[in-house]
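Every number for a ligand or one of its atoms is a count from 1 in the order of the listing. Side chains included, hydrogens not; waters and symmetry mates left out as well; all remaining heavy atoms used.
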Amino acid sequence: MAPLHPLAKRYALSFGVRHLYVHVPFCQRRCSYCDFSIAVRKRIPAQEYVEAVLRELDLIMESSTQVRESGDGIETLYLGGGTPSLLPAEAITVLLHELALRFRIPHSAFRTDVEVTLEANPEDVTPDHATAWRRAGVNRVSLGAQSFDDRVLKWMHRSHDATRIGDAVQTLRTAGFDNISLDLIFALPTELERDWARDLDLAGDLSPAHLSLYGLTVEERTPLARWISRGATSAADDERYAEEYLLAHGRLADRGYHFYEVSNAARDGRRSRHNSAYWSGRAYLGLGPAAHSFDGRVRRWNRSAWEGYRRAVGAGLPAVEAEEVLTEEQRELESLYLALRTDAGLAVTDLYRPLPPSTAQWVSRGWAELRNQRLVCRPEGWLRLDALIRDLTGVGRES
Ligand code: SF4
């Protein structure tokens, strides 16, 4: 075996993997609001991609006994993107099979105990793909629905139309998927006249186990930012953002959904186990271009450009581009944010100072509640999370 590259030693991980994220960077076009690190490709270099990701994992395993011995400690695997559903089904099958081999777990574990999520665009969900994904071990699909209004989908540069969403859900169910999540985006520009209540109802009619709702944000260097800068459109104001957010809480609660995190609602306890691990500050390993890893103290991220990533791992170099070591203060702040984002809330005893008197106002206004020595946000509190953190910590408050 060739000696380890000094950088591989430097970036050696010291935790057993329980949560694994694999980033698939390819998309067929860029959505109008998206600033993710993606590679727009007509032809997906599937074989090169799978080889590169497995090579990255091999390099990590060479330098880390803990990762090598993770074994059946793996609880969740998330294929996110980009558009993982653009990978041919055979490539997904090979990837999952090889991951199982490397972690020395039976491939069947990916079908049962391990939560295996695939992000998919509705137009990629065909009966053949869905059946192959299920056979490969995927047991949860997160569909990028975004809206049920064709005009809005066109504006977003999405490549599906509204009818494809229902068809995709039906096709997935026929293939045996009962854990389906839909993503929707709210707070769109006013002139689109998007009927948010209708979209929520149509999403609810499909009875997905899970829904993720994201408010539109304007990111630099996106088509949306350009449209706004030349006055062709404008972002929704805070008032409408709040109205739509609260409307979603009401509408979805009526259908039995429970918001267990700021942006995520589930029925029948079908929470995302993978994302819940992020929100509880657990360690995770990310593979693929732009993927992040975290061990509880150090956050690392991979080179984001697909070609640069592929060349690096091909040359036996770590894919890591940079890392950030969180200070004690940053870790405390981050754990406050994470705790308050979820319905578990913050254990008052975890605060390093007494609750400030303003907390009583948060409670009396119905923005938060104190339950079993935990401070738990209500939807109105989630809309004001930054202000609550400022109150609790004094950080960011003007003197
Ligand atoms: S499909 Fe997702 S990752 Fe790809 S461009 Fe659209 S929003 Fe971005």
Side-chain angles (χ1 to χ4, degrees), residues 21-46 49 53 78-88 91-92 117-126 129 133 138 140-162 164-165 167-169 172 180-189 192 194 199 203 208 210-228 233 235 263-264 272 274-275 278 286-292 301-307 309:
Y21 175 82
V22 181
H23 188 77
V24 185
F26 309 110
C27 290
Q28 271 181 332
R29 56 170 125 166
R30 185 174 284 278
C31 297
S32 59
Y33 50 86
C34 178
D35 76 334
F36 290 176
S37 170
I38 58 165
V40 175
R41 294 285 186 281
K42 283 272 169 277
R43 189 196 75 84
I44 307 302
Y49 169 77
V53 166
Y78 195 104
L79 303 182
T83 314
S85 56
L86 279 179
L87 281 180
I92 293 174
T117 303
L118 176 87
E119 283 184 352
N121 278 345
E123 67 272 24
D124 298 328
V125 182
T126 63
H129 287 169
W133 296 340
V138 177
R140 182 172 184 273
V141 174
S142 174
L143 273 182
Q146 317 311 357
S147 172
F148 290 82
D149 180 328
D150 285 341
R151 270 176 331 110
V152 167
L153 290 168
K154 207 164 166 207
W155 177 87
M156 288 176 170
H157 294 172
R158 303 293 305 193
S159 33
H160 62 278
D161 61 21
R164 283 297 292 152
I165 303 168
D167 292 349
V169 169
L172 288 168
I180 299 169
S181 180
L182 297 185
D183 283 2
L184 294 176
I185 300 184
F186 65 96
L188 301 180
L192 286 173
R194 191 270 194 94
D199 271 2
H210 189 278
L211 283 155
S212 298
L213 310 182
Y214 302 105
L216 183 72
T217 51
V218 182
E219 308 294 347
E220 284 176 29
R221 292 189 294 278
T222 57
L224 174 60
R226 286 195 292 279
W227 298 340
I228 288 179
T233 188
S263 308
N264 288 278
S272 161
H274 186 83
N275 290 334
Y278 294 158
L287 301 173
H292 283 52
W301 51 95
N302 283 353
R303 292 159 195 268
S304 56
W306 152 241
E307 291 297 347
Y309 164 86

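- For Tyr49 and Phe26, the ring centers are positioned less than 6.0 Å apart.
- In this view, Tyr33 satisfies the ring pair (Phe, Tyr, Trp, His ring centres under 6.0 Å) rule with no residue, not counting sequence neighbours.
- Side-chain contact check for Leu143 versus Asp183: every heavy-atom pair is 4.5 Å or farther apart.
- Using a 30° and 60° split on the angle between ring planes, Tyr21 and His23 fall in the tilted class, from 30° to 60°.
- Only protein N, O or S atoms were considered, and those under 2.8 Å from atom 8 (Fe) of ligand 1 are Cys34 SG.
- Checked by atom type and distance alone, the side chain of Asn302 pairs as donor or acceptor with a backbone atom of Gly288 at under 3.5 Å.
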TODO: For the pair Thr217 and Glu219, evaluate side chain to side chain donor-acceptor pair (under 3.5 Å) and give the outcome as yes or no after the intermediate values.
DONE: CA-CA 6 Å; Thr217 51; Glu219 308 294 347; 2.9 Å; yes
TODO: List the steps, then state whether salt bridge (charged side-chain N to carboxylate O under 4.0 Å, His left out) holds for Arg194 with Asp199.
DONE: CA-CA 9 Å; Arg194 191 270 194 94; Asp199 271 2; 2.6 Å; yes
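- Contacts with ligand 1 closer than 4.0 Å are made by side-chain heavy atoms of Arg158 only, the backbone lying farther away.
- In this structure, Arg29 is part of the shell of residues with a heavy atom less than 4.0 angstrom from ligand 1.
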